[in-house]
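The block underneath contains the structure these notes are about, expressed in structure tokens.
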Amino acid sequence: MAATHVGGTLVQAAAADATTVNPILEADTVSADITSLIFDAVIHVDPQTTEPRGDMAKSWDISTDALTYTFTLQDGITWHDGSPFTADDVKFTYDLHMNADSNSPHTAELTERIKSVEAPDEKTVVFTLAAPASPFLVNNMIYEIVPQHILQSVDPKALAQHPFSTGKAGTTIGTGPFMFKEWVKDDHITLEKYAGYWRGEPHLDSFSLKVVPDVTTLVQQLQTGEVDYSGRDGVDEASVKTLQSDKSIVVATYDSFDFTYYGYQLDDSKTTLFQDKAVRQALFYALDRQQMVEAIRFGLGSVAIGTMGVDSWAYTPDQITLKYPHDVDKANQMLDDAGWVKGDDGVRAKDGQRLAFTLHTNSGSDVNTQYAAVMQQAWKAIGVDCTPQENEWNAFLERLTSTHDFEVFLIGFSWGVDPDQSNMWSTAAYEGGLNVNKYSNLQVDDLLEQGIRETAIPTRKQIYTQMQNIVVDDLPNAIIDFPKSIAAYNKRVHNLFPNAVDDRWNAHLWWVDA
Amino acid sequence: MARYLARRVLTLIPLLLGISLVTFLLATATPGSPVSRLEFNPSARPADVARIKAQLGLDKPPVERYLDWLSHVARGDFGLSLITYRPVSTTILEKLPATLLLTGSALCLSLFFSIPIGIYTAARRNSWIDRVATIVTTGGIAVPTFWLGMMMIMLFSVKFRQWGLPALPSGGMYSLHGGGGFGDRLLHLAMPAVALAFVQTAVWMSYVRTQMIEVLQADYIRVAGAKGLSHWTVIGRHALRNAMLPLITLLALDIPALFGGAVVIETIFAWNGIGRLIVNATMQRDYTVVMGEVLIIAMITVLANLLADILYQLADPRLRHG
């Protein structure tokens, strides 16, 4: 089948350079875009169902107490240097992740979750968990496996500066469809096909990831053919028209796990403005979110209902009670009832405190900038004085996560595939998690715990619907929209299916017109 | 002269120390850190972030970090990048040739155009060519480099392709679709080099013109003319030499400006040099790379200044020190 479509190069763009080609160390999407072609994992997430699917695992078995996972591995998998892949490599990889001397960002979570990893024979790996954890397969078994025979003699402390991590042909080897060839820093990474790939020889000769930091330049390079594929979510809404008018380009828009939200400061040592739930809800009612999505996202997205992304199996909009339709009268009424009275300057106040605050967002996002401006206007109409302020990305993150120096912030984010949202809503997620505004509801904490322990999807769905209804009523964070992701690629590229879960699952089948 | 040189070189040391200290203070005062990609990231726990920070030495007090860095630099070790874990010296040196190629080409282009046009417009003052050149010069000095670069891409890469004309590549140093030959590289170099050269050409052209006009009014030129020498012989033999000498100094002083321009042009044209490197390193809070590169650019700048001073001394005997 391969014979007719063999050869050629596919060039994908990335907004930044990768930071590493070692999957143990990676914490950014660009590095993941490269390592996912060089390496394979035990489990992959099915792009259609978002459920776990075997990657290098042929099958797996979960014990009835949900503590023991036994994986049977595929036959005939080899590393790029020809040596056979075995269960020991899997054990080695996870042990390395859990070694505190390595720079793995997953050490804490894996150490907490996994009690032991054993490889009783070449084709079997057994994971024993400390407690049942339903997201385990899709969250933790998707880490790519590294070769024991290359890395076993490397001191984990020196792993980050080892050629395996900084990229060296013949040393940076995996089991995936493409082999590492060269990395010209800040410019491109080139991979070439691995003819011995276990799923079959790839069609492409080579693949390059090219750094194109600016979206305007990316659009130009797609048009000139210098770039074949924008990468997942590589194109912004404003560029869609330009690209669609170009006959050589395909524009794909698809549901995702993305969302845009703003968070209220709930820590009363920072501000007391948002302690009253009525204020938080009133502000949300004042926003015409449908109009925002139409005008600013060019309709590429939907008004958020609940907290689960559109692509998630836990997205249950019909069962969410509070949908926050645009209702200015209701917003005004709620603020009146809560005792916030308009002063001479048109701004509401209560007990001498004006309803005035700064809305922090990040620079470099046209959508967030425009959303902030619209929110300022909408809130002004109900007597709320909001001043938008843009922050450079790194400074913004420090403001949110370290100093917590904000009243309201606006940001875009993306959920993982599993609907566990402990990282944002649980009380514990204040320290280092996404719960930067110090939300705490013990009932939510309890439901999140249940959601992790429960393994049956229908039951989990119910638990998460219940959790969403409480969170949406408490409204620590108001989720504005669920944007669609946008990707663009040249018509010469075939078999490429951009989606929110995984666009790499069939990389060995990608081909390009000569 | 030797003593003067020694004195000048010695004064460079406190200057470079001061520059490195200021850079370090600015870098540490800026919010954010090299590990911020791990923050607001559900896959990394606070314990992991703290551990990785400590492994990078970022948990130490700033004074200790600066002294640490300084003692390593004194031994010629610029340390590892905090993002890629590769040696800072390799990171910078592997990109330096690209920047030198770009700035060097721009320099040659500017000289190639600015000197002849400057001379001609001075010799034919108030001719229509002079007027056109003056307008272009004023425009050239006023146009921001980034705007010029983007307009060139818009016209020569995007519009030319739409109109079916031979288009230039919009960025990068060579094509990833089987490119990399001499012709391919030359096509990629064309636009960024011209964009970078444009402003310089304008500045030098007006400088050459002014200088020439001044010299042409000198008595010895009138004498040369009175001897019966032709207009262009007077310019070529007598005026040019005197007008050109100060230009050498200006050239040396302008080298740092070329590096500055490269920061903008390299970012726009995705030219993989040290200008783009410092922008990225700053964004990523890659302190060691920022410090290393600032130090190297500072060295180039002070050395260029020193060179300018020396050339001045050589060119003008009145300034020669004992």
Side-chain angles (χ1 to χ4, degrees), chain A residues 9 11 16-17 19-20 25 27-28 100-101 103-109 112 139 157 160-161 165-166 184-188 190 208 210-214 216-217 220-221 223-226 228 391-403 411 413 415-416 423-424 431-434 436, chain B residues 30-52 55-56 80-81 83-87 90-91 94-95 98 150 153-154 157-158 161-162 167-178 267-273 276-277 279-280 283-285:
Chain A
T9 296
V11 179
D17 198 9
T19 59
T20 180
L25 308 173
D28 61 292
D101 282 342
N103 276 6
S104 163
H106 309 303
T107 309
E109 184 179 55
E112 183 187 293
N139 277 6
K157 277 192 173 126
Q161 63 241 48
S165 310
T166 57
V184 177
K185 288 282 172 333
D186 298 318
D187 196 65
H188 70 271
T190 297
S208 287
K210 180 181 184 181
V211 183
V212 185
D214 176 54
T216 316
T217 317
Q220 288 165 352
Q221 299 209 352
Q223 293 184 291
T224 59
E226 290 164 85
D228 296 312
N391 299 254
E392 184 264 346
W393 180 249
N394 257 327
F396 185 49
L397 286 187
E398 174 149 321
R399 185 183 286 282
L400 296 190
T401 60
S402 303
T403 60
I411 194 172
F413 198 67
W415 295 116
N423 227 293
M424 183 172 281
E431 284 304 326
L434 307 185
V436 293
Chain B
T30 314
S33 86
V35 297
S36 52
R37 68 179 185 283
L38 297 175
E39 277 153 13
F40 221 72
N41 183 337
S43 66
R45 298 274 179 91
D48 296 316
V49 179
R51 201 182 80 247
I52 292 168
Q55 273 157 348
L56 290 169
L80 295 180
S81 154
I83 302 289
T84 64
Y85 295 89
R86 296 166 76 245
T90 319
T91 306
E94 72 190 1
K95 287 174 194 289
M150 294 202 303
I153 294 175
M154 196 53 102
S157 301
V158 178
R161 183 178 151 273
Q162 283 174 5
L168 283 169
S170 68
M173 289 166 55
Y174 48 87
S175 165
L176 289 174
H177 288 105
T267 307
I268 291 170
F269 288 96
W271 190 263
N272 195 20
R276 202 162 144 241
L277 175 68
V279 173
N280 288 339
M283 293 301 208
Q284 293 180 311
R285 308 291 189 267

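Labels below follow one simple rule: chain letters A, B, ... track the order of the sequence lines, proteins then strands, and each chain is numbered from 1.
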If I measure from the heavy atoms of chain A, does B:Ala47 come under 4.5 Å with its side chain, its backbone, both, or neither? side chain

Measuring heavy-atom distances to chain A, does B:Thr91 have an atom under 4.5 Å in its side chain, in its backbone, in both, or in neither? neither

Is B:Glu94 paired with B:Arg86 through a side-chain N to carboxylate O contact shorter than 4.0 Å? yes

Does any backbone or side-chain atom of A:Asp214 lie under 4.5 Å from a heavy atom of chain B? Answer side chain, backbone, both or neither. neither

Tell me, side chain or backbone of B:Leu38 under 4.5 Å from chain A's heavy atoms, or both, or neither? side chain

For a 4.5 angstrom cut-off between non-hydrogen side-chain atoms, does A:His106 reach A:Ser104? yes

When you measure from the side chain of A:Gln220 to the backbone of B:Ile153, do you find a donor-acceptor pair of N or O atoms at a distance under 3.5 Å? no

Considering only heavy atoms, which portion of B:Leu80 lies under 4.5 Å from any heavy atom of chain A: side chain, backbone, both, or neither? side chain

Contact class of B:Ser175 relative to chain A, heavy atoms under 4.5 angstrom: neither

Would B:Arg45 and B:Asp48 pass as an ion pair if we require N to O under 4.0 Å? no

With chain A, which of B:Ala270, B:Ser157, B:Gly171 has the greatest number of heavy-atom pairs at distances under 4.5 Å? B:Gly171

Where does the angle between the aromatic ring planes of A:Phe396 and A:Trp393 fall among parallel (under 30°), tilted (30 to 60°) and perpendicular (over 60°)? tilted

Side-chain touch B:Tyr85/A:Asn103, heavy atoms, less than 4.5 angstrom: yes

Tell me, for B:Met150 versus chain A, whether the close heavy atoms (under 4.5 Å) come from the side chain, the backbone, both or neither. neither

Please state whether the side chain, the backbone, both or neither of A:Asn394 comes within less than 4.5 Å of a heavy atom of chain B. both

